[in-house]
Amino acid sequence: MSLGHYLLLGAGLFVIGLFGALTRRNVIGILMSIELMFNAANINLAACNSYLHPAGVAGMTLAIFVITVAAAEVVVGLALVLAVYRNSATAYVEDFSLLKG
Amino acid sequence: MIEAIAFYSMAAVALLGALLVVSLRNTVHSSLALGLSLAGVAGIFANLGADFLFAGQLLIYVGGIAIIIVFVVMLLGRTSDLHLRQVNQQWGAALLVCAMAGVSLWRLARGYLGVRAAAPAMPTTRAIGLLMLNDYAVPFELVTLVLVAALLGAIFFSRKSADDEVPS
């Protein structure tokens, strides 16, 4: 296995996540697609770390930080989704036009 | 040989799960497929020799984030959702954007197809712990602050507001 295989896998996962984030109507579907894109970035970080700089662990540490911030983002995002759902009773983003007045 | 079999099977699990996440109509099925895809990514980390990242991925992503997403899907779901289309009108333009991004990323990643591993993988947990408490001590403390803020924010946003509670 070469580094390129891992980078190609990360690219594929990122493109699938990008497509989902652009096209899903359900806001939870968009959050899930963003998680896929985070995972693609983590694969790239870990693969570049262990192939290009095997003596250090800075890339894996950065991936740990990414996982932590992604967990925080999901928790706050889902709480916001629940709050919006309580007001407007919908989970579809084209109905989230609260700021239009 | 074993490494190639493990890589291709885990990559297939991750990519298939991701495709199911973005294409399934039922959001409950799609969130379960997210757990499958995240587990496949954990297998990729194990294949890379990133043992601490593998454990963290399984504990936080598969055991935490996927489960909390399943919970929220069940809280928000209605049976009428199964008959609605889950993809918006702009999927053609999105496909074009994704094709362009995919071709660019492929051209970038193609140049690294010859890079081989220099040394067998070593355990990384001790080195990550030392790095986090020495060089990355300030980002480590900042992340703890972010986690506390996320906890408080989740409680603040998800509780009922005071004027909703009608005294009975």
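Side chains included, hydrogens not; waters and symmetry mates left out as well; all remaining heavy atoms used. First the proteins, then the strands, lettered A, B, ... as listed; each starts at 1.
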- Can you tell me if B:Ser37 uses its side chain to pair, donor with acceptor, with the backbone of B:Gly17 under 3.5 Å? no
- A:Ile28 versus chain B, heavy atoms under 4.5 Å apart: side chain, backbone, both or neither? side chain
- Please determine, among B:Tyr61, B:Phe140, B:Phe71, the option with the most heavy-atom pairs under 4.5 Å with chain A. B:Tyr61
- Is the side chain of B:Ser31 donor-acceptor paired with the backbone N or O of B:Val70 at a distance under 3.5 Å, no angle test? no
- Query: Considering only heavy atoms, which portion of A:Phe19 lies under 4.5 Å from any heavy atom of chain B: side chain, backbone, both, or neither?
  - Reply: both
- Note on the structure: Distance col, row B:Ile44:CD1 vs A:Tyr6:OH, nearest 0.5 angstrom, shows 6.0 Å
- Message: Under 4.5 Å from any heavy atom of chain B, what part of A:Asn42 do you find: side chain, backbone, both or neither?
- Response: both
- When rounded to the nearest 0.5 angstrom, what distance separates OG1 in B:Thr27 from CG in B:Leu32? 11.0 Å
- Task: Measure distances from B:Asn47 to the heavy atoms of chain A and classify the residue's part below 4.5 Å as side chain, backbone, both or neither.
- Result: both
- Note on the structure: CD1 of A:Ile16 to CG of A:Asn39, rounded to nearest 0.5 Å, is 12.0 Å
- Message: I need the residue from B:Gly153, B:Ser30, B:Ala4 with the largest number of non-hydrogen atom pairs under 4.5 Å to chain A.
- Response: B:Ser30
- Task: Could you tell me whether the side chain of A:Asp95 and the main chain of A:Ala91 form a donor-acceptor pair under 3.5 Å?
- Result: no
- Query: Looking at A:Ala46, A:Gly77, A:Ser2, which one has more heavy-atom pairs under 4.5 Å with chain B than the rest?
  - Reply: A:Ser2
- Task: Determine yes or no for a side-chain-to-main-chain donor-acceptor pair under 3.5 angstrom, with A:Ser88 supplying the side chain and A:Tyr85 the backbone.
- Result: no
- Heavy-atom distance under 4.5 Å to chain A: side chain of B:Leu131, backbone, both or neither? side chain
- Message: Heavy-atom pairs under 4.5 Å with chain B: which of A:Val76, A:Leu82, A:Ile43, A:Val69 has the most?
- Response: A:Ile43
- chain A: which of B:Gln57, B:Gln90, B:Arg116, B:Met132 shares the most heavy-atom pairs with it under 4.5 Å? B:Arg116
- Based on non-hydrogen pairs under 4.5 Å, which of B:Leu108, B:Thr124, B:Ile155 is most in contact with chain A? B:Thr124
- Task: Find the one option among A:Ile64, A:Asn44, A:Leu52 whose heavy-atom pairs under 4.5 Å with chain B are most numerous.
- Result: A:Ile64
- Task: Quick one: which of B:Asp135, B:Val97, B:Leu38, B:Val143 has the most heavy-atom pairs under 4.5 Å with chain A, could you say?
- Result: B:Val143
- Name the orientation class of the two ring planes belonging to A:His5 and B:Tyr8 (parallel below 30°, tilted from 30 to 60°, perpendicular beyond 60°). perpendicular
- Query: Checking heavy atoms, do the side chain of B:Leu19, its backbone, both or neither come under 4.5 Å from chain A?
  - Reply: both
- Item | Residue selection (most heavy-atom pairs with chain A, distance under 4.5 Å) from B:Leu48, B:Val21, B:Leu151, B:Leu105 | B:Leu48
- Which atoms of A:Phe14 approach chain B - backbone, side chain, both or neither, heavy atom under 4.5 Å: side chain
- Query: Once you round to the nearest 0.5 Å, how far does CG of A:Leu45 lie from CG of B:Leu53?
  - Reply: 9.0 Å
- Message: So for A:Ala40, is it side chain, backbone, both, or neither that comes closer than 4.5 Å to the heavy atoms of chain B?
- Response: neither
- Atom OG in A:Ser33, atom CG in A:Asn26: separation rounded to 0.5 Å? 10.0 Å
- Among A:Leu18, A:Leu36, A:Thr90, the residue with the most heavy-atom pairs under 4.5 Å to chain B is A:Leu36
- Item | Side chain, backbone, both or neither of A:Ser50 within contact of chain B (heavy atoms, under 4.5 Å) | side chain
- A:Ala58 versus chain B, heavy atoms under 4.5 Å apart: side chain, backbone, both or neither? both
- Message: Less than 4.5 Å apart, side chain to side chain, heavy atoms only: is that true for A:Tyr51 and B:Tyr112?
- Response: no
- Message: Report which part of B:Ile128 has an atom under 4.5 Å of a heavy atom belonging to chain A: side chain, backbone, both, or neither.
- Response: both
- Message: So for A:Leu31, is it side chain, backbone, both, or neither that comes closer than 4.5 Å to the heavy atoms of chain B?
- Response: neither
- Message: Quick check for you: to the nearest 0.5 Å, what is the distance between B:Asp51 atom CG and B:Met122 atom CE?
- Response: 10.5 Å
- Please answer whether the main-chain N or O of B:Val22 pairs with a side-chain N or O of A:Arg24 as donor and acceptor at a distance below 3.5 Å. yes
